[in-house]
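Encoded as structure tokens, the structure appears first; notes follow it.
Side chains included, hydrogens not; waters and symmetry mates left out as well; all remaining heavy atoms used. Read the numbers this way: they start at 1 and go in the same order the structure lists the ligands and their atoms.
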Amino acid sequence: MELMDVDPVRLESSLWVGKKRYRAALTGWHLNWTELDKKNRDKKTVSVPVSEVIGVEEGRVQVLPQRSVAEDTDREFTVFYVKRSSSGSSYGLLWRLGRTQFCCPSRDLRDQWMTQLRIALKTHSPSRPHRLLVFINPFGGKKQGRQIYHSLVAPLFELAGISSHVVVTERANQARDHILKKDLTGFDGVVCVGGDGIFSELLHGVIGRTQQEAGLSEHDPSLTLQSCDLHIGIIPAGSTDCVCFATVGVNDPVTSALHIIIGDSQPLDVCSVHHRSSLVRYSVSLVGYGFYGDVLAESERHRWMGPLRYDYSGAMVYLSNRSYAGVIQYLPADSQLSSPRDNTRCLSGCSVCSKGTERLFPHSPGASSLYSSHFSQFSSDTEGEWVSVEGRFRAVSLTCMSSSCPRSPLGLSPSAHLADGTGDLIIVRDTHPLGFLTFLHRHTSTQDQFDLPFVDVHRVKAVRFSLPTGEEEDKDEERERVNDGGMMEEGKRPSRSGSHKHLIERGEERGQKDFLCGLCCSKAPTVSVWNCDGEILPHTEISCR
Ligand SMILES: Nc1ncnc2c1ncn2[C@@H]1O[C@H](COP(=O)(O)OP(=O)(O)OP(=O)(O)O)[C@@H](O)[C@H]1O
Ligand SMILES: CCCCCCCCCCCCC/C=C/[C@@H](O)[C@H](CO)NC(=O)CCCCC
Ligand SMILES: [Ca+2]
């Protein structure tokens with residue numbers, strides 16, 4: 001009989017940790033050490049999975065805040081591993097670098113431990129990255145990206161034997177263009193240090209490059225795109241850090257670095273946004289019209305405030321008390337599988353997402369290892385009946401994930417799934433100011449923001465938005481924007497500043513010179529803008545899937 005899954009003890013010996021004696025054992029999957037009392041009886045045991053061991057060093061070594069090695073240490077070795085801290089959010093725990101110094105009775109035994117631990121690490125951590133391409137946005141969030149990387153992350157990568165090539169960006173879209181055009185041979189993954197904006201650059205680079213190599217056009221909305229092999233890691237250093245927070249559960253650079261080192265991965269739904277037959281952008285978090293579009297447009301004028309700009313702009317936009325007319329069409333997802341109000345929380349290993357991945361990519365051998373897979377219930381994309389809603393809206397939001405962030409720990413749609421191939425469409429119809437304030441305020445607590453008479457939420461596969469008949473986007477303007485805003489057209493993509501300029505021009509074209517000027521205009525604008533993961537879209541009429 002062949003025995004599978006045996007976990008033989010490779011090494012067991014009596015070691016010292018400080019002044020206490022321990023029995024340490026290394027099996028294939030775990031490193032355990034048990035304190036022994038004077039009569040050799042077991043006291044408490046610490047057990048660390050080998051897959052969570054970060055590194056092993058000879059001697060008494062310290063890594064954070066600074067690397068230091070003590071002398072006279074030929075019988076000692078230090079093991080570094082993931083340590084789950086008791087603090088964090090209700091949704092995810094902070095991870096810290098655990099460190100234990102062992103002292104062996106002889107140098108020989110120390111060498112045996114070092115060798116066996118390194119072999120175990122190699123054998124039991126096949127998905128760890130060895131070489132990473134890191135992009136730092138020096139202007140994201142509180143402008144701490146460089147410092148966060150060099151003081152908290154680089155020492156951990158070094159300890160784990162990961163070599164990294166670092167690019168500090170000098171302009172917007174540099175990271176995206178690098179991924180689209182440069183030789184990426186030898187890199188196991190790309191990492192961004194910044195916020196959701198630089199993550200979005202990496203996302204567009206990785207998806208774009210994969211389609212280029214597969215010879216597929218991203219502009220064709222009916223095409224099933226190739227899913228991406230290159231993983232994206234995020235070291236949070238932005239203003240909202242929504243993608244990091246919603247996937248890891250906290251926005252903490254050390255936690256994220258440790259997840260990257262041990263090769264954790266999480267597939268993500270990606271929503272494509274098209275205007276007519278051009279791809280405009282991809283989104284993983286929020287595609288939002290009305291309140292969230294206006295907050296973003298307003299906040300771009302106050303970038304100097306840093307992350308506070310969203311609070312200030314949120315208050316200003318709330319006070320401007322706006323609603324917008326439009327026609328929303330959506331294709332509902334299968335309500336038997338899940339619902340936005342079923343009170344579930346999607347975490348790594350979620351069963352709804354696993355079933356979704358199998359359903360969406362039945363022939364993919366690495367279905368569970370997909371990272372940035374394209375939003376794709378495509379075989380059934382045109383199936384089902386489109387539903388149409390016309391009216392005036394405070395906010396129309398489509399979110400592919402919960403979009404939780406420090407500002408809203410449960411997010412825009414707390415029960416949304418990270419990788420089920422659907423998004424949640426939240427429709428907030430026009431209402432009185434106090435009602436809307438209640439809706440917003442509930443995002444900051446555990447109260448149900450959907451339990452309000454003017455709010456509807458639907459789990460969807462696709463959404464289209466258009467202006468009411470007679471108010472469609474101007475045709476000439478359309479033509480100009482199609483040429484201007486195609487995401488894949490070199491040098492003509494809407495950047496933050498580009499979009500802002502566009503928005504001002506558009507406001508002026510429509511006689512709304514003061515659209516962005518203090519929100520104090522007497523004549524309220526008739527159209528808002530779309531916020532797509534923190535970027536302003538250059539079109540009002542869009543289709544998302
Ligand atoms: N060197 C650079 N100079 C100017 N802009 C840059 C540079 N590098 C990246 N960018 C752009 O800066 C924008 C904001 O970056 P990022 O997302 O990192 O920070 P943030 O806006 O503070 O955070 P969040 O998106 O989480 O709110 C992105 O659109 C990105 O494309
Ligand atoms: C009375 C109290 C009112 C409090 C209101 C709190 C509402 C918080 C909801 C937070 C939703 C975040 C959605 C995430 C969007 C990100 O993809 C995007 C890119 O980072 N961020 C923004 O657009 C930044 C947009 C920030 C909007 C506030
Ligand atoms: Ca989803």
Is the positively charged end of Arg464 above the ring of Trp386, judged by distance under 6.0 angstrom from the centroid and angle within 45° of the axis?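 Yes.
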Does any N or O of ligand 2 fall below 3.5 Å from an N or O anywhere on [X], backbone included?
X: Tyr310; answer: no
X: Ser408; answer: no
X: Asn531; answer: yes

Location of contacts on [X] toward ligand 1, heavy atoms closer than 4.0 Å:
X: Tyr310; result: side chain
X: Arg171; result: backbone
X: Arg309; result: side chain
X: Glu170; result: backbone

Please could you name the atoms of ligand 1 that [X] approaches to less than 4.0 Å, counting only its heavy atoms?
X: Gly194; value: 18 (O)
X: Thr169; value: 1 (N), 2 (C), 7 (C), 8 (N), 9 (C)
X: Asp241; value: 26 (O)
X: Gly140; value: 18 (O), 19 (O), 22 (O)

Please state whether Gln174 comes within less than 4.0 angstrom of ligand 1, counting heavy atoms only.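 Judged by the 4.0 Å heavy-atom criterion, Gln174 does not count as contacting ligand 1.
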Please report the closest heavy-atom contact between Val280 and His539, naming both atoms and the distance.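 Nearest pair, atom of Val280 first, then His539: CG2-CD2, 3.9 Å.
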What are the two closest non-hydrogen atoms of Ser164 and Tyr149, and how far apart are they?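 Heavy-atom minimum between the residues: OG-OH, 3.0 Å.
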Which option wins on minimum heavy-atom distance to atom 5 (N) of ligand 1: Gly195, Pro236, Ala172, Gly141?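 The residue whose heavy atom sits nearest atom 5 (N) of ligand 1 is Ala172.
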Out of Leu286, Asp533, Thr438, Asp241, who is nearest to atom 15 (C) of ligand 2 when you count heavy atoms only?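 Ranked by closest heavy atom to atom 15 (C) of ligand 2, first place is Leu286.
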Are any of the side-chain nitrogens in Arg429 or Asp456 under 4.0 Å away from the carboxylate oxygens of its partner?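 Between Asp456 and Arg429 there is a salt bridge, with a charged N closer than 4.0 Å to a carboxylate O.
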Rounded to the nearest 10°, what angle sits at the Ca ion (ligand 3) between O of Cys400 and O of His417?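 O of Cys400, the Ca ion (ligand 3) and O of His417 span an angle of about 70°.
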If the Ca ion (ligand 3) is the vertex, what is the angle to OD1 of Asp420 and O of Thr422, rounded to 10 degrees?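 Reported to 10°, the angle equals 90°.
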Any side-chain heavy atom of Pro340 within less than 4.5 Å of one from His458?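 No, too far: nothing below the 4.5 Å cut-off.
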Atoms of ligand 2 close to [X] [distance to a heavy atom under 4.0 angstrom, numbered from 1]:
X: Leu412; answer: 11 (C), 13 (C)
X: Tyr292; answer: 9 (C), 27 (C)
X: Leu437; answer: 1 (C)

So is there a nitrogen or oxygen of Phe139 less than 3.5 Å from a nitrogen or oxygen in ligand 1?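 No: no nitrogen or oxygen of Phe139 is under 3.5 Å from one in ligand 1.
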Counting neighbours of CZ on Arg146 that are heavy atoms of other residues, nucleotides or ligands and sit closer than 6.0 Å, is the number greater than 12?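 Counting neighbours around CZ of Arg146, 12 or fewer heavy atoms of other residues, nucleotides or ligands fall under 6.0 Å, so no.
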Does His302 have more than 12 heavy atoms from other residues, nucleotides or ligands lying within 6.0 Å of its NE2?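 Count over threshold, so yes.
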What distance separates Arg176 CZ from Asn173 CG, expressed to the nearest 0.5 Å?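 Atom-to-atom, Arg176:CZ and Asn173:CG are 3.5 Å apart.
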Can the ring centres of Phe291 and Phe436 be said to be less than 6.0 Å apart?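 Yes, the ring of Phe291 comes within the 6.0 Å limit of the ring of Phe436, centre to centre.
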Does the ring center of Tyr289 lie less than 6.0 Å from the ring center of Phe465?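 Yes: the rings meet the under 6.0 Å criterion.
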His165 and Phe187 aromatic ring geometry - parallel, tilted or perpendicular at 30°/60° bounds: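 Geometry flag for His165 against Phe187: tilted rings.
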Aromatic ring pairing Phe135/His178, orientation class (parallel under 30°, perpendicular over 60°, tilted between):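 The rings of Phe135 and His178 stand perpendicular, inter-plane angle above 60°.
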In Asp269, the N, O or S atom nearest to the Ca ion (ligand 3) is which?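 When I compare the N, O and S atoms of Asp269, OD2 is nearest to the Ca ion (ligand 3).
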So, the side chain of His231 versus the backbone of Asp188: is there a donor-acceptor pair under 3.5 Å, distance only?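 Answer holds: no.
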